[in-house]
Amino acid sequence: FDLLLLKPIRADHISLCPRLSEVKNDELVIIKAHIESHTQPATARQPYKIICYTPNGYLNLVFFKTYPGQMAKLKIGREIAILGNLQKILGENQISHPQEIIDADKIATLPKINVIYPLTYLVTHKFLRQKIAEILSLYEKSAELEEWIEPALLKQKGWTKFSTSVQTIHYFNSESLTKARQRIAYDELLAWQIAISMSKKRGIQHKTVPKISGILPEAFLESLPFELTKAQSQVMSEIKSDITSDKKMLRLLQGDVGSGKTIPAIFACLLAISQKRQACVIVPISILAKQHFAYFEKLLKNLDVSTAILTGSTTKKQRSKLLEKLAVGEIDILIGTHALIEDDVKFKDLGLAVIDEQHRFGVAQRSKLWHKNTYPPHILVMTATPIPRTLAMSVYGDLDISVIDELPPGRKPIKTLHRFDSSRQKIFDFMRTEIALGRQIYVVYPLIDESEKMDFKDLNDGYESIVREFPQPKYQIGVLNGR
């Protein structure tokens, strides 16, 4: 069923028996040819070649790998039809490893369009097309599936039945393709909404809701050296309502950088501690873990709360001692990286998990957290910049949403600007101006080293570029990465 709903990315036209001289390099074509000779490789590194004659000139079929019996089928004198990408190399026409080679009289069975699907590791288009074709064939022969959309809605939208829509998508019938895509998209969203609705109705209910004892959360708020914004107060009210209810909290806290998301996160941790339970805060990298730990320690220094930090760089001795304390409940809040979800990290009673930057924390990892306790802990995920997956989870998924949409008093709004590479020099000039005013700048690169698979700027190359523009000793430049 998954393959039935795997939608093609696009469909490319296949040229049928074109003049070889008019074919663009690497264009997908169908060509009729006559096999004239075979040229076997003299060394293991040379390819096997089959020389073919066409009405428009000669064509070489090139095979760098062959399997037993493959070449024996391509006998001299045989008339064939070839489907493949034609390349022009050193004045010669060639097709390397054709997609299809069949008898010339069966040329009509070859596809007229090349349907392109999204691929994953080690899966080829040829294999995927073959499997999808087999499933479509079985689907067409099987009994018609019962239609689940009311006829009136199908008529109103101009949609076809589900089975027809699926075939249209894979066969790329351009006349009704848009309507077919709409129909399938509706089915997928409807199924997703039903599943989420059922999940929310079930919920995860605690048999008993631990009572909040003491005034730890209130004492924390009174100790803050600044006033909270209305948005922060509203978010904390929503979090408290969740944690004191009989259902597990699963909430997304969204707010721009500097909006003060950490305060509600600390408040949530203190609510869990007031229920005689523990809390953890998980961040993507060690540097952020250290920043959070320092901030928690600063704001909680006058409160009876035990905090600790665990990252991949924690020594074996420190880790062993920390885990012992954690297991007996001597640590209230544990802050760290994904090292927190490892099997040997055992809490006495984990009541809350705060996850910073949700998009870097997968479903499988979140599931591991749920199994660290008899009852799954409350989950609070935070993000400054929601990405498509997070947006999908919040709009259609199982996350309730809290938004901090205002900045603390005195905090200047953050400007986000987009510039193209052609404006690089203007950006450098802006950086010089800011540095002259006594400010600092950080530049983030998506990669540390150059990658053959991704065409992104890397840190090493970027550092050299920055050093050329900002020479020492006038400018001091540092490099920091996750390694």
Whether over 12 other heavy atoms sit under 6.0 Å from F430 CZ
no
Are the side chain of K179 and the backbone of K157 linked by a donor-acceptor contact shorter than 3.5 Å?
yes
Are the side chain of S320 and the backbone of K316 linked by a donor-acceptor contact shorter than 3.5 Å?
no
Can you check whether K240's main-chain N or O pairs, donor with acceptor, with T244's side chain at less than 3.5 Å?
yes
Of all heavy-atom pairs between L334 and L340, which one has the smallest distance, and what is that distance?
O-CD2, 3.6 Å
Nearest heavy-atom pair of L322 and A308: which atoms, and what distance?
CD1-CB, 3.9 Å
Parallel, tilted or perpendicular: ring planes of F428 versus F470, cut at 30 and 60 degrees
perpendicular
D26 atom CG, neighbour heavy-atom count above 12 within 6.0 Å:
yes
Quick check: closest heavy atoms across C269 and F296, and the distance to 0.1 Å?
SG-CE2, 4.3 Å
Donor-acceptor contact below 3.5 Å, side chain D356 vs main chain V281:
no
Can you list the steps and then say if D242 with H378 is a side chain to side chain donor-acceptor pair (under 3.5 Å)?
CA-CA 8 Å; D242 285 344; H378 296 293; over 6 Å; no
Greater than 12 external heavy atoms within 6.0 Å of Y445's OH
yes
Would you say that more than 12 heavy atoms from the other residues, nucleotides or ligands in this model lie under 6.0 Å from the NZ of K321, or not?
no
For the residue pair T314 and R319, confirm or rule out a side-chain donor-acceptor distance under 3.5 Å.
no
If you count heavy atoms of other groups shown closer than 6.0 angstrom to CD1 of I215, is the number above 12?
no
Can you check whether I273's main-chain N or O pairs, donor with acceptor, with Q278's side chain at less than 3.5 Å?
no
If you measure from OG on S259 to CG on L253, what distance do you get to the nearest 0.5 Å?
7.5 Å
Would you confirm whether T315, through its side chain, and Q318, through its main-chain N or O, come within 3.5 Å as a donor-acceptor pair?
yes
Neighbour count >12 (heavy atoms, 6.0 Å) for atom CD, Q425
yes
Quick one: does any side-chain atom of H97 pair with a main-chain N or O of F64 as donor and acceptor, under 3.5 Å?
yes
Taking atom types as modelled, find out whether S165 and T160 have a side-chain donor-acceptor pair closer than 3.5 angstrom.
yes
Ring-face cation of R183 near F162 (centre distance under 6.0 Å, axis angle within 45°)
no
Please report the closest heavy-atom contact between S223 and L299, naming both atoms and the distance.
OG-O, 4.3 Å
Looking at side-chain heavy atoms only, is the closest gap between I149 and D187 below 4.5 Å?
yes
Testing the basics here: between K7 and P118, what is the closest heavy-atom pair and its distance to 0.1 Å?
O-CD, 3.5 Å
Would you give the length of the straight line joining atom CD1 of I335 to atom NE2 of H292, rounded to the nearest 0.5 angstrom?
8.0 Å
What one should report as the nearest heavy-atom pair of A272 and L352 is CB-CB, 4.0 Å
Side-chain donor or acceptor of D458 paired with backbone N/O of L447 under 3.5 Å
no
Would you tell me whether E238 and S402 have side-chain atoms, one donor and one acceptor, within less than 3.5 Å of each other?
yes
If only atom types and distance count, is the side chain of E406 paired as donor or acceptor with the main-chain N or O of K230 below 3.5 Å?
yes
Does the pair R432/D429 count as a salt bridge with the N-to-O cut at 4.0 Å?
yes
Hey, is the main chain of A219 close enough, under 3.5 Å, to the side chain of E222 for a donor-acceptor pair?
no
What I'd like to find out is whether the side chain of V305 reaches to under 4.5 Å of the side chain of F220, using heavy atoms alone.
no
Flag yes if more than 12 heavy atoms outside Q472 fall under 6.0 Å of its CD atom; otherwise flag no.
yes
Return the OG1 to NZ distance between T307 and K301, rounded to the nearest 0.5 Å.
13.0 Å
Measuring only between side-chain heavy atoms, which start at C-beta, is P264 closer than 4.5 Å to I404?
yes
